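Here is the structure we will look at, set down as C-alpha cells.
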Amino acid sequence: MKQPLVEVKQLKKYFPIKKGIFNRTVNHVKAVDGIDFTIYKGETLGLVGESGCGKSTTGRTILQLLPPTEGEVLYEGKNLVGMPKRELRKLRKDLQIVFQDPYASLDPRLTVGEVIAEPLEIYNLLPKKEREKRVDELLEVVGLNSYHAKRYAHEFSGGQRQRIGIARALALQPKLIVADEPVSALDVSIQSQVINLLQDLQEQYSLTYLFIAHDLSVVKHISDRVGVMYLGRMVELADKDELYDNPLHPYTKSLLSAVPIPNPLVKRERIVLQGDVPSPANPPSGCTFHPRCSACMDICRTQRPVFQEINGHYVACHLYN
Ligand code: SF4
C-alpha cells in the first residue's frame, strides 16, 4: 500500500500588495489558493502549469522556504507549518530542493567541493577529511569526477552545473527532493540526461520527488502521477497514463494538445486558449479558468468547483458534478 510522505491540506500562500506612503496592504497576490494533495513515498509527482500558476511557490511553501498563509503540510504525519525552528531544522535535512537555474543557485565564490560540502558543514555532520571523501563520492554519483571539486561553477556547462546542484541536494541524504524546473534552462539533449540521472538516483536512494515543470511533455517520462495547476489551484491530478490518455479538465486538454506526438500518422487537434492567464491578484470568480474555457456554463462564473475524486482521478470542474 502507498504510504504518504507529504500531505498538503488547504495550503494557501498570499503575497501582500502594498501601496502608498503608509505602505498599506491593498490587495494580495493569491499565488497558492487552497490546494490539497499527497506525495507518496518513493513516487515522482509531476506538477505542471503555465508560468505564474503557483507551482514553484507550492514547492517552496511545502519546504517552508516560504511561510504559508494558511493550511497544513504534514511530513511523515508532522505538521511543518508553525513548527518550532529547532524541530524544523532537524527535518529540513530530509527536504531538499534543486533549482531551475543551477548557476544562480551555486555560490560563485566557492569551489564546487565547498558548495557540495556546505550543507554537511552547516549541520556539522562529518569531520573535514570525511566531508571531502563524501564530496568525492557525491561527484561520482552524479557523473562528475573528484578532481572537479577544486573548480568553480562557472567552469562547467549548464548540464554539469545542474549535476552539481543535485549532488549538493543529495549531501544530507534527503527523503524528498523538490525539483523546481530542473531541466527548463537546459538544451533538449541534456534534459534527458539529467532526467535519467534523477531516475537512477531515485532508485538508488529511495528518493521521493516533486518534479515541477511548465509543460506536460517534460514530466511524462519521469512522473508516476501528474498534477495540473491553474492560477494557484490544483485543477486535475491523476496517474500519469490516466491523465495523458483520459484528461478531464478543459485546461489539461489544452495543455496536452500542445504536446508533440512522436508518430507522424497520428494527428492531434491543437486547442488554443483565448486570452492570457488572469492576474492572481484579481482572479476571476467561480472557476478561475472560466474566461478561457470553451465549455463554460453559468455555474462556472459564480461557484468554485470542488476538487473531487472520480475513480482515483481528481478534477475540479463543474462538468463532472
Ligand atoms: Fe470550464 Fe466550467 Fe469546468 Fe471551469 S468548471 S473548466 S469553466 S467547464
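Only a predicted model underlies this, so the values are computations on that prediction, with no experimental measurement involved. Note that ligands are numbered from 1 as they come in the structure, with each ligand's atoms numbered from 1 the same way.
- For C293, every N, O or S atom stays at 2.8 Å or more from atom 4 (Fe) of ligand 1.
- Judged by a 6.0 Å distance limit and a 45° cone about the ring axis, K13 is positioned over the six-membered ring of F15.
- Interface atoms of ligand 1 facing L319, defined by a heavy-atom separation under 4.0 Å, are 8 (S).
- For atom 2 (Fe) of ligand 1, the closest non-hydrogen atom of the protein is C300 SG, 2.3 Å.
- Of all protein heavy atoms, the one lying nearest to atom 5 (S) of ligand 1 is H318 N, 3.2 Å.
- Close approach of ligand 1 to C287 is summarised as follows: ligand atoms under 4.0 Å from at least one heavy atom of the residue are 4 (Fe), 5 (S), 6 (S), 7 (S).
- Scanning the protein for heavy atoms near atom 3 (Fe) of ligand 1, the closest one is C317 SG, 2.3 Å.
- Residue C296 does not count as close to atom 1 (Fe) of ligand 1, with no N, O or S atom under 2.8 Å.
- No side-chain N or O of S189 forms a donor-acceptor pair with one of D187 less than 3.5 Å apart.
- Within ligand 1, counting atoms from 1 as listed, the ones closer than 4.0 Å to a heavy atom of H249 are 6 (S).
- Below 4.0 Å from some heavy atom of F289 lie the following atoms of ligand 1, by number and element: 6 (S).
- For the residue pair E50 and H214, no side-chain donor N or O sits within less than 3.5 Å of a side-chain acceptor on the partner.
- Taking the side chain as every heavy atom from C-beta outward, P4 and L74 never approach each other to under 4.5 Å.
- The cationic group of R233 does not satisfy the cation-pi geometry with F289, failing either the under 6.0 Å distance to the six-membered ring centre or the 45° limit from the ring axis.
- T61 pairs in a side-chain contact (heavy atoms from CB on, under 4.5 Å) with only one of the listed residues (L66, T69, V73), which is L66.
- Considering every non-hydrogen atom in both V194 and L186, the closest pair reads CG2-CD1, 3.7 Å.
- If you number the atoms of ligand 1 from 1 as listed, the ones under 4.0 Å from a heavy atom of H290 come out as 7 (S).
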